[in-house]
Participant: 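The structure follows.
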2 protein chains.
Amino acid sequence: MNRTIDYYTELAQRGLQPSVQRVRILEFLHANRIHPTAEQIWLRLSPGMPTLSRTTVYNTLKLFAEAGIVQTLVIEEKEMRFDIDTSHHGHFSCDRCGTVFDFTASALSGAVPSELDGFEIRERHLYYKGLCRECRTKERRKG
Amino acid sequence: MNRTIDYYTELAQRGLQPSVQRVRILEFLHANRIHPTAEQIWLRLSPGMPTLSRTTVYNTLKLFAEAGIVQTLVIEEKEMRFDIDTSHHGHFSCDRCGTVFDFTASALSGAVPSELDGFEIRERHLYYKGLCRECRTKERRKG
DNA sequence: TTACAATTCTGTAATCATTCCAAATTGTCA
DNA sequence: TGACAATTTGGAATGATTACAGAATTGTAA
Ligand SMILES: [Mn+2]
Ligand SMILES: [Mn+2]
Ligand SMILES: [Zn+2]
Ligand SMILES: [Zn+2]
């Protein structure tokens with residue numbers, strides 16, 4: 001089982017040229033389901049690809065988003081996150097540790113309120129914010 | 001009926017000093033339910049208050065958010081919007097004209113999925129993106 | 001009122017994620 | 001191999017937001 005080949009062909013089948021950079025970024029997204037930012041991806045890949053440019057990471061993620069390979073999450077101001085899981089699900093962002101958790105959300109698949117009759121809905125997002133279980137425990141210990 | 005006095009006392013009751021700038025910004029938010037950005041508020045208020053600083057608008061909105069007077073919306077990357085309506089409701093953002101619409105969303109009041117047992121939920125947001133009715137019509141005409 | 005401290009406001013500089021852009025590199029195919 | 005197109009690179013530009021330090025305003029007590 002050669003993952004690199006898998007992702008190489010996945011890109012080719014979608015009509016995207018499977019450059020080394022694109023395959024590595026796609027690999028990273030599949031292997032690290034952490035809703036990373038562009039910067040996080042660059043930080044993790046650049047040791048193994050010293051010439052990798054931040055701009056390439058940004059360009060590639062934009063390309064992937066347009067091709068429907070990833071969905072973009074805007075939860076915190078300023079930083080965009082990328083999710084290789086494009087299915088309908090909700091996100092919980094911890095204010096303390098910054099982790100973004102997935103959760104099942106039937107609300108995203110149900111009917112649209114009549115107030116939006118005639119609107120064309122292209123994306124639906126549900127996100128919660130607060131403290132994750134671990135961080136909540138830690139906060140309690142401190143008081 | 002003197003709105004200025006109303007908002008003056010509203011701030012005072014919340015323990016916030018009702019400065020001229022704060023009252024004007026609060027007035028604006030009540031009168032213009034457009035989920036404005038800080039920049040929009042500044043652009044609309046500065047003609048009548050030539051010395052108003054952008055920084056003051058940002059500081060005041062942060063203060064209002066901490067006091068629970070407004071809720072902050074992060075829908076588009078980079079720009080934060082402010083909503084004087086802090087009740088649970090969903091938002092639809094039009095990709096074409098940028099307008100942010102409200103809609104009723106029972107999903108925001110319901111039960112939390114068991115995946116988030118033990119989590120402390122502080123905020124819930126539901127937002128859709130796409131084309132509003134008007135923009136959809138315009139797009140169709142063009143083909 | 002007056003004086004002084006505390007709070008608020010102002011304007012410029014700094015920050016930082018993202019985008020722009022032109023040059024360099026790589027891929028395609030005759 | 002040679003030409004042309006697509007992709008990558010890295011440094012500069014952008015733009016919303018924040019930091020900061022001095023100026024203005026307000027509150028308080030004599
Ligand atoms: Mn996810
Ligand atoms: Mn609203
Ligand atoms: Zn946490
Ligand atoms: Zn529209």
Side-chain angles (χ1 to χ4, degrees), chain A residues 4 7-9 11-12 14-28 35-67 69-70 72-82 93 98 100, chain B residues 4 7-9 11-12 14-28 35-67 69-70 72-82 93 98 100:
Chain A
T4 300
Y7 300 134
Y8 187 94
T9 54
L11 289 173
R14 296 206 188 229
L16 303 179
Q17 192 151 319
S19 70
V20 178
Q21 292 87 348
R22 289 175 183 173
V23 171
R24 290 277 182 82
I25 291 170
L26 185 57
E27 271 178 355
F28 180 87
H35 310 95
T37 63
E39 179 71 9
Q40 286 178 317
I41 296 170
W42 181 81
L43 283 171
R44 295 277 298 273
L45 291 183
S46 57
M49 298 179 78
T51 69
L52 179 66
S53 167
R54 257 177 257 256
T55 301
T56 298
V57 177
Y58 280 104
N59 289 343
T60 301
L61 290 168
K62 188 177 192 177
L63 188 78
F64 286 1
E66 284 163 1
I69 295 176
V70 298
T72 57
L73 306 180
V74 183
I75 305 179
E76 322 282 338
E77 340 86 88
K78 294 194 171 185
E79 64 175 15
M80 175 165 278
R81 290 174 173 277
F82 298 87
S93 173
V100 175
Chain B
T4 302
Y7 299 134
Y8 187 96
T9 54
L11 289 173
R14 298 208 188 227
L16 302 180
Q17 192 146 324
S19 70
V20 178
Q21 293 85 348
R22 289 175 184 174
V23 172
R24 291 279 182 82
I25 292 170
L26 186 58
E27 269 178 355
F28 181 87
H35 310 94
T37 62
E39 178 72 10
Q40 285 178 315
I41 296 172
W42 182 81
L43 284 172
R44 295 277 299 272
L45 291 183
S46 55
M49 299 178 77
T51 69
L52 179 66
S53 168
R54 256 176 258 255
T55 301
T56 298
V57 177
Y58 279 105
N59 288 342
T60 301
L61 290 168
K62 188 176 191 179
L63 190 78
F64 286 1
E66 284 163 2
I69 295 176
V70 298
T72 57
L73 306 181
V74 183
I75 304 179
E76 323 282 338
E77 339 88 89
K78 292 195 171 182
E79 64 176 16
M80 176 165 279
R81 292 176 170 275
F82 298 88
S93 173
V100 175

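Both backbone and side-chain heavy atoms feed into the values below; hydrogens, waters and symmetry mates do not. Every chain is numbered from 1 and lettered A, B, ... according to where its sequence line falls, protein lines coming before strand lines.
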Participant: Can you give one letter per nucleotide of nucleotides 10-23 of chain C, going 5' to 3': B for a protein heavy atom under 4.0 Å from the base, S for sugar-phosphate only, - for none?
Facilitator: BBB----SBBBB--
Participant: So do Val74(B) and Glu76(A) actually touch side chain to side chain, heavy atoms under 4.5 Å?
Facilitator: no
Participant: Starting from C1' on dA24(D), measure out to CD on Gln17(B) and report it in whole angstrom.
Facilitator: 13 Å
Participant: Is any side-chain N or O of Ser19(B) closer than 4.0 Å to OP1 or OP2 of dT26(D)?
Facilitator: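 Checking Ser19(B) against dT26(D): no side-chain N or O falls below 4.0 Å of OP1 or OP2.
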Participant: Nearest-Å distance, CD (Glu76(B)) to C1' (dT17(D))?
Facilitator: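 Interatomic distance, CD of Glu76(B) to C1' of dT17(D): 17 Å.
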Participant: Please name the pair of heavy atoms, one in Phe64(B) and one in Arg22(B), separated by the smallest distance, quoted to 0.1 Å.
Facilitator: CZ-O, 3.6 Å
Participant: Using whole Å, what does the distance between atom C1' of nucleotide dT17(D) and atom CH2 of Trp42(B) come to?
Facilitator: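 Rounded to whole Å, this separation is 15 Å.
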Participant: Rounded to the nearest Å, what distance is computed from the CG atom of residue Leu16(B) to the P atom of nucleotide dG27(D)?
Facilitator: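 Distance check: Leu16(B) CG to dG27(D) P gives 14 Å.
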Participant: Can you confirm whether Thr72(B) sits close enough to Phe82(B) that some side-chain heavy atom of one is under 4.5 Å from a side-chain heavy atom of the other?
Facilitator: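 Touching, per the 4.5 Å side-chain cut-off.
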Participant: Who are the side chain to side chain contact (heavy atoms under 4.5 Å, CB included) partners of Ser46(B), not counting sequence neighbours?
Facilitator: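 By the side chain to side chain contact (heavy atoms under 4.5 Å, CB included) rule, Ser46(B) matches Trp42(B).
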Participant: May I have the distance from Leu11(A) (atom CG) to dT7(D) (atom P), rounded to whole angstrom?
Facilitator: 11 Å
Participant: Find the distance Arg22(A):CZ to dT25(C):P and express it as a whole number of Å.
Facilitator: 19 Å
Participant: Between Thr60(A) (side chain only) and Thr56(A) (backbone N and O only), is there a donor and an acceptor less than 3.5 Å apart?
Facilitator: yes
Participant: Check Arg81(B) with Glu79(B), please: is the shortest side-chain N to carboxylate O separation under 4.0 Å?
Facilitator: yes
